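Scroll down for the structure; my scribbles are underneath it.
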Amino acid sequence: MSRHNFNEVEKKWQSKWESEHTFKVEVDQAKPKSYVLEMLPYPSGKLHMGHVRNYTLGDVLSRYKKQKGFNVMHPMGWDSFGLPAENAAMQHDTHPGKWTYENIDFMRQQIKSLGMSYDWDREIATCHPKYFKHEQQMFIDFLKKGLAYRKESLVNWDPVENTVLANEQVVDGKGWRSGAVVELKKLNQWFLKITDYSEELIAGLKEITDWPEKVRTMQNNWIGKSQGMTIVFPVDNSDQVVEIFTTRPDTFFGASFIGISPNHAIALDLAKDNKDLAKFIEECNQTDTSEEAVAKAEKKGVDTGLRVKHHITGDLLPIYVANFVLMGYGTGAVYGVPAHDQRDFEFATKYKLPIIEVVKPLDYKGDDFKINDEAYTTYESVHFNSQFLNGLTVVEAKEKMMTYMEEHKIGRRETNYRLHDWGVSRQRYWGCPVPIVYCDEHGAVPVNSSDLPITLPDDVEFKSAGNPLENHPTWKHTTCPTCGKPAIRETDTFDTFFESSWYFLRYLDPRNEEQAFAQDKAKYWMNVDHYIGGVEHAVMHLLYARFFNLALRDCGYLDSSMESFEPFKALLTQGMICHETYKDEDGNWVFPDDVIKLNDGTYQHAKTRKKVTIGRVEKMSKSKKNVVDPDFIIRSYGADTARMFVVSDSPPDRDLEWTESGADGCWRFLNRVWRMVEEKSDIIQNIADQDSASFTGETKKIYSLIHKTIFAVEEELPQFQYNKIIARIRELTNSLSSMSLDDDHSQYVYKFGMEAVTRLLNPITPHITEEIWEVLFKKKTQLSQTPWIEYDKNFLVDDTVTIAIQVNGKVRNTLEVPKDISKEDLEKIALDDEKIKNNIAGKTIRKVIVVPARIVNIVAN
RNA sequence: GCGAGUGUGGCGGAAUUGGUAGACGCAAGGGACUUAAAAUCCCUCGCUAGCAAUAGCGUGCCGGUUCGAGUCCGGCCACUCGCACCA
């Protein structure tokens, strides 16, 4: 008996699919379309198991949809601009482009060895000038439409390397390489007006019901729409004013100070003559730009000496410069209500500012409510100590106060968003050049479209400090598109989220030289029906791509008559791949491949012979060495096994633990399927079709199970519940292998069952199933080109059901009863049952609950 | 710190969405075949007590609603993800 030779077979089918263009796709108005998309990878060098899982999830659906008769778009490409290429260039003295393209070639071959059903003719690389040419045109169009503009903003500056650092490159407020304390520096940068679309982005969330609720919630919170009040405080003894924004105008009587951001105009102005304040601001500017760093920092501030008068109480409130007030949100100034906001409370405690309680719990009787060691922030509360707001709930008080403030010209109602405009400028080499020229006379001028793409110079130097484009001797020198006089190019490049915000449209028309994509192609293929990728992209990438789709509509790229401008109809966020961690006796991480199990059950390092201890299961990461190499898995088990394992054990949105033994199990199963067909090949080739109406007993039961399994797969596959599908198919396989095969009926059912197993398994393990189909079932047409197997609904329901009989909620027996038995009969049978009788002996029956086809519960005591 | 999730046997996970908790797989133990090993096949397998029938307990923890809770409600605990220049 031959064993399945996966190495040969997988190569055979991969080249067959390629040479016969099995997965090539074009617009076809006669067929329904389906666009299945996996997030495009960054070509970091090698595939990791997370990629394998991501692409398998998409590939299974894509293959299934094709067999269901859909015209399936399933493309792959490379998100190939970015920081790692520049780091590699510095470390290995190579060119980012060379490094990137070599990685792409290697990883493409890796993906191909997994047997993914991509239309490779549509492959794109975002670092290719033919790709980013259109991106540069988009930016120019955004500029003309008023969706792009330039303003000053802060960056993390490494004073030693003379370079801008990514937040990731800042460790504990210091540059990761130089160790220098990071400074905040103001630079002129390009921004995209995503905030123009705040409302539409919120509204769209209601439309995309096939997204996980958690992602929609996160996006909604990220946009952070809030209605509140901008209150204008005149500064005492001055003609200046401070504008603050608050979402809690109802707590106005509890305000005891004003906090302004260290980067607020007033703070910066005062700092000119105030050394202490200047020093404090400098200190604040020594954290990185992340919101997290600001929020975690100890609350600190400096009294400016300025005072404002409370409009109603007339109290004088001090203005503090406070490190926890963000310049980017609202007006960059807040009023502090220590009793009812935790940050304000900590701040007030530290600087001994008054704490004034103005709301209390709904059931609190007196007017002496006091907080203790933390702020009282419950929203369902009632006001006291607040003059005309006393006795009102927060909601009521808010409305009354807003009206009052408007009438008395204290402030104005305002809607604020946490979302701010998207800064797209990066001071880096390996990115898409911003197509702008600076002319002394005409300022920032967009490059003429006929001069696009603006490409990167190849001869760059990474050893010296600063931005290589800036340092290049000639590249930035050009002429002004308007007047032709000497001018300087923009040396910044785009954020790489720019490329990934529209790549799904480029796939639809990837070789179009004139346009980013043809409108009619986009109209046919959009929107993406199934988008699959990691949760880590839940907010930013997905929000930017949603914004782009709207902006591209408004710039005429997309047909405005399209039904929806949500680019991704359904979203699946997959979990991470985890693995056990290993450490040797010196505390060094050890690769799983280097760990061997000894006979006494302990573990040892294969080379150093040191004892190894097993740690917890964690996300696979290079730093902890708990990684397995997809190449190694494919070589030792084959692609089918790898594909099957990554979708078989866990639901797709949960983390998956990679285990050697789990992969073994899949490998054994696939061999078993092969054997089950091969060993019975004479039956399979000789048995004639039988009339299913005459099946009885076990044969009928298993025949029915085949149809139930097909039905279940049909239900569960489109929901990505591959783990359940595999369990179903395994159950069916177990039943088939237990058949006695002693008559024509059972032999036929066995054959039909194995055919079903082969076909149902095909999207998951395409190579072995194609081979079984051709070699053992002697079929001429590729399984990938064969329509999906159909179930017979007459065999989906049984005549009887098994019902649990409970006494006081505890199952005491199960009974098999006719499916449509009446309530009365069911109750009678249950009460007549011997075991039940024993159980209720000596008790009085109080109540009997009968749920037909489900359960009987007898309440007795 | 803020926002969002997750938690079921030794392990990964099922559970018709309020109705038999543990499907399917992994690991473990026992057996068959074999000179032997591998491979394969069969059996056992939540915990405790019992030869067994069976009984009690059991879905992170505490409490509640219900004839009935893994599922619904309230309060905790632990872990994970995101926080705008990593992708």
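Small disclaimer: the values here were computed from a predicted structure and weren't measured.
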For [N] versus [M], give the span between their [atom1] atoms, rounded off to a whole number of Å.
{"N": "B/A15", "M": "B/U65", "atom1": "C1'", "value": "22 Å"}
{"N": "B/U20", "M": "B/A14", "atom1": "C1'", "value": "14 Å"}
{"N": "B/G25", "M": "B/C42", "atom1": "P", "value": "11 Å"}
{"N": "B/G7", "M": "B/U71", "atom1": "C1'", "value": "14 Å"}

Taking atom types as they are modelled, is there a donor-acceptor pair under 3.5 Å from the base of [N] to the side chain of [X]?
{"X": "A/Gln189", "N": "B/C85", "value": "yes"}
{"X": "A/Gln427", "N": "B/C85", "value": "yes"}
{"X": "A/Glu291", "N": "B/C83", "value": "no"}

- line: Here the distance between atom C1' of B/C85 and atom CG of A/Asn87, to the nearest Å, is 13 Å
Nucleotide forming a Watson-Crick or wobble pair with [N], both distances under 3.5 Å:
{"N": "B/A23", "result": "none"}
{"N": "B/U17", "result": "none"}
{"N": "B/G50", "result": "none"}
{"N": "B/A78", "result": "B/U6"}
{"N": "B/A39", "result": "none"}

Taking any heavy-atom pair under 4.0 Å as a contact, classify [X]: base, sugar-phosphate, or nothing.
{"X": "A/Lys299", "result": "nothing"}
{"X": "A/Gln806", "result": "base"}
{"X": "A/Ile849", "result": "base"}

task: Quick one: sort the A/Tyr531 and A/Tyr503 rings into parallel, tilted or perpendicular, breaks at 30° and 60°.
output: tilted
- request: May I ask whether A/His420 stacks on the base of B/A84, given the cut-offs of 5.5 Å between ring centres and 30° between planes?
  value: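 Taking the rule of under 5.5 Å and under 30°, the ring of A/His420 does stack on B/A84.
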